[in-house]
Amino acid sequence: MTVQELPGAATYRPTPPPAWKPITDPAPLLPDPEPYRVLGTDAVADVDPELLLRLHAELVRGRRYNTQATALTKQGRLAVYPSSTGQEASEIAAALVLEERDWLFPSYRDTLAAVARGLDPVEALTLLRGDRHTGYDPRVHRIAPLCTPLATQLPHAVGLAHAARLKGDDVVALAMVGDGGTSEGDFHEALNFAAVWKAPVVFLVQNNGFAISVPLAKQTAAPSLAHKAVGYGMPGRLVDGNDAAAVHQVLSEAVARARRGGGPTLIEAVTYRMEAHTNADDATRYRVDSEVEAWRAHDPVQLLERELTGRGLLDDEGIAAAKEAAERMAATLRDRMNADPELAPMDLFTHVYAEQTSQLREQAAALRAELDAEQDHEHSAEESR
């Protein structure tokens with residue numbers, strides 16, 4: 001039955017545009033067929049050399065941070081660590097494009113982005129050590145807690161961005177997620193709300209090829225994850241996620257667009273997870289060494305170093321200085337992580353709600369009673385000796 005055959009169709013007078021008709025021309029929203037690149041192209045001449053050098057220093061530090069954190073898991077100092085080795089370009093660029101007033105919404109793999117934004121390297125690992133709910137005050141750093149459930153941070157980013165716009169605050173939220181997170185309902189809900197509200201939020205999908213052991217081809221039949229943007233009425237961008245300059249440029253454009261009221265953008269950064277999903281994963285069970293080696297030739301640190309040395313902006317002395325700075329950071333991180341933390345059990349109930357619920361108050365009282373009883377028992381035991 002068509003609309004004209006419905007009862008009352010004679011009086012059916014839709015106001016333009018009809019409710020069923022798309023209100024957005026899809027053509028400008030579609031991503032380019034190939035990932036955008038800057039390094040090794042003529043476009044690199046327009047990039048500030050100081051930005052390239054800063055990106056390089058942060059990439060070197062990020063690579064060393066990953067190797068040190070991975071070693072800490074083997075030493076029992078971390079419960080788990082999801083390494084982002086190979087993805088450093090996307091991580092660092094995400095942090096550097098934001099203003100101080102903006103918000104970053106990271107996933108569990110995005111510790112480098114948080115550290116590059118200024119977070120204490122130890123605080124970035126506190127959650128992964130299992131000490132606290134999170135190791136820092138999100139409001140102070142404008143960094144949401146590292147999110148371990150897949151994609152739940154995305155609706156939060158949209159809500160914060162929408163609220164900021166309603167208040168008149170000049171704030172942009174940048175939400176990071178992996179390719180596996182795009183299969184979650186939270187991803188689709190967040191994109192839909194963001195586009196309808198024109199919220200100042202940027203979605204960065206780091207497509208590293210696998211959702212643990214599930215390859216992208218078993219998650220989606222879309223030409224790219226960036227193509228999903230058109231279904232929600234926002235632009236989709238496809239970028240080489242190992243090209244730090246390209247990711248920085250694409251993200252900068254999206255953040256600027258969001259800040260001036262243009263609404264959200266979905267960016268897919270094509271990259272690769274060089275190491276296992278976490279220290280609990282055996283990546284050799286679902287991918288072959290030749291695939292990993294092929295991606296080593298497209299390493300983000302090497303790509304940037306090659307560009308900088310080729311243009312005479314970086315020499316052996318500069319490379320050595322960046323590595324030495326990274327080693328100092330790793331040594332400090334190692335020393336601080338090797339010190340046993342002093343934890344207060346009652347902190348379990350802090351920073352859960354602004355105002356504690358009755359259940360939390362009951363649980364806190366029960367724990368306090370147990371701690372007091374234990375202390376009294378120890379005191380009595382000491383007196384009887």
Side-chain angles (χ1 to χ4, degrees), residues 23-32 35-36 38 51 89-107 110 113-114 116-118 138-139 141-144 147 151-177 181-182 186-207 224-239 241 244-269:
I23 61 174
T24 304
D25 178 9
L29 306 181
L30 291 170
D32 294 331
Y36 177 69
V38 168
L51 172 62
S90 297
E91 298 270 325
I92 300 305
L96 299 191
V97 298
L98 296 176
E99 300 289 343
E100 185 176 350
R101 62 189 180 277
D102 296 330
W103 274 78
L104 178 70
F105 283 79
S107 74
D110 301 322
R117 184 155 167 76
R139 292 187 180 182
H141 298 280
R142 298 284 178 124
I143 303 172
C147 189
T152 56
Q153 74 274 22
L154 304 187
H156 299 164
V158 176
L160 182 140
H162 181 55
R165 194 184 69 158
L166 292 177
K167 292 171 61 179
D169 293 341
D170 186 19
V171 169
V172 173
L174 194 159
M176 305 177 71
V177 69
T182 66
D186 303 74
F187 171 83
H188 302 279
E189 293 158 6
L191 265 64
N192 197 51
F193 274 120
V196 171
W197 289 339
K198 296 193 72 173
V201 60
V202 176
F203 300 99
L204 173 61
V205 179
Q206 294 180 84
N207 176 8
S224 75
L225 294 174
H227 276 78
K228 294 180 181 291
V230 68
Y232 299 98
M234 70 178 70
R237 296 295 305 275
L238 189 61
V239 63
V247 180
H248 189 277
Q249 180 181 326
V250 171
L251 282 173
S252 295
E253 293 170 355
V255 167
R257 177 178 179 273
R259 201 182 304 282
R260 64 174 179 264
T265 303
L266 174 65
I267 298 169
E268 177 187 355

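Residue indices begin at 1 and follow the sequence shown.
Rounded to the nearest 0.5 Å, atoms CE (Met234) and NZ (Lys228) are 12.5 Å apart. Going from atom OH of Tyr232 over to atom CG of Leu266 covers 9.5 Å, rounded to the nearest 0.5 Å. How far CD1 of Ile143 is from CG of Leu174: 11.5 Å, rounded to the nearest 0.5 Å. Asn192 contributes atom CG, which lies 10.0 Å from atom CH2 of Trp197 (distance to the nearest 0.5 angstrom). Distance check, rounded to the nearest 0.5 Å: OG1 of Thr152 to CZ of Phe105 gives 11.0 Å. Atom-to-atom distance recorded for Glu268:CD and Thr182:OG1 is 8.5 Å, nearest 0.5 angstrom.
Closest non-hydrogen pair, Val201 versus Ala258, comes out as N-CB, 4.0 Å. Ala244 and Ala93 get closest at one heavy-atom pair: O-CB, 4.2 Å. Scanning both residues, Ala151 and Gly181, for their nearest heavy atoms gives CB-O, 3.6 Å. Nearest approach of Pro235 to Thr265, heavy atoms of both residues: O-CG2, 3.6 Å. Of all heavy-atom pairs between Ala94 and Leu98, the closest is O-CG, 3.6 Å. Closest of all the heavy-atom pairs between Ala161 and Ala199 is CB-CB, 4.3 Å.
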For the pair Arg259 and Asp102, evaluate side chain to side chain contact (heavy atoms under 4.5 Å, CB included) and give the outcome as yes or no after the intermediate values. CA-CA 10 Å; Arg259 201 182 304 282; Asp102 296 330; 2.7 Å; yes

Leu104 and Met176: side chain to side chain contact (heavy atoms under 4.5 Å, CB included), yes or no, with the steps? CA-CA 8 Å; Leu104 178 70; Met176 305 177 71; 3.8 Å; yes

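Without hydrogens or angle criteria, Glu91 side chain to Ala113 main chain gives a donor-acceptor distance under 3.5 Å. Panel note: side chain Arg165, backbone Pro200; no donor-acceptor pair is recorded below 3.5 Å.
When the ring-ring contact (aromatic ring centres under 6.0 Å, His included) test is applied to His227, no partner is found at least two apart in sequence or on another chain.
The existence of a salt bridge linking Asp169 and Arg101 is excluded, since no basic side-chain nitrogen approaches an acidic carboxylate oxygen closer than 4.0 Å.
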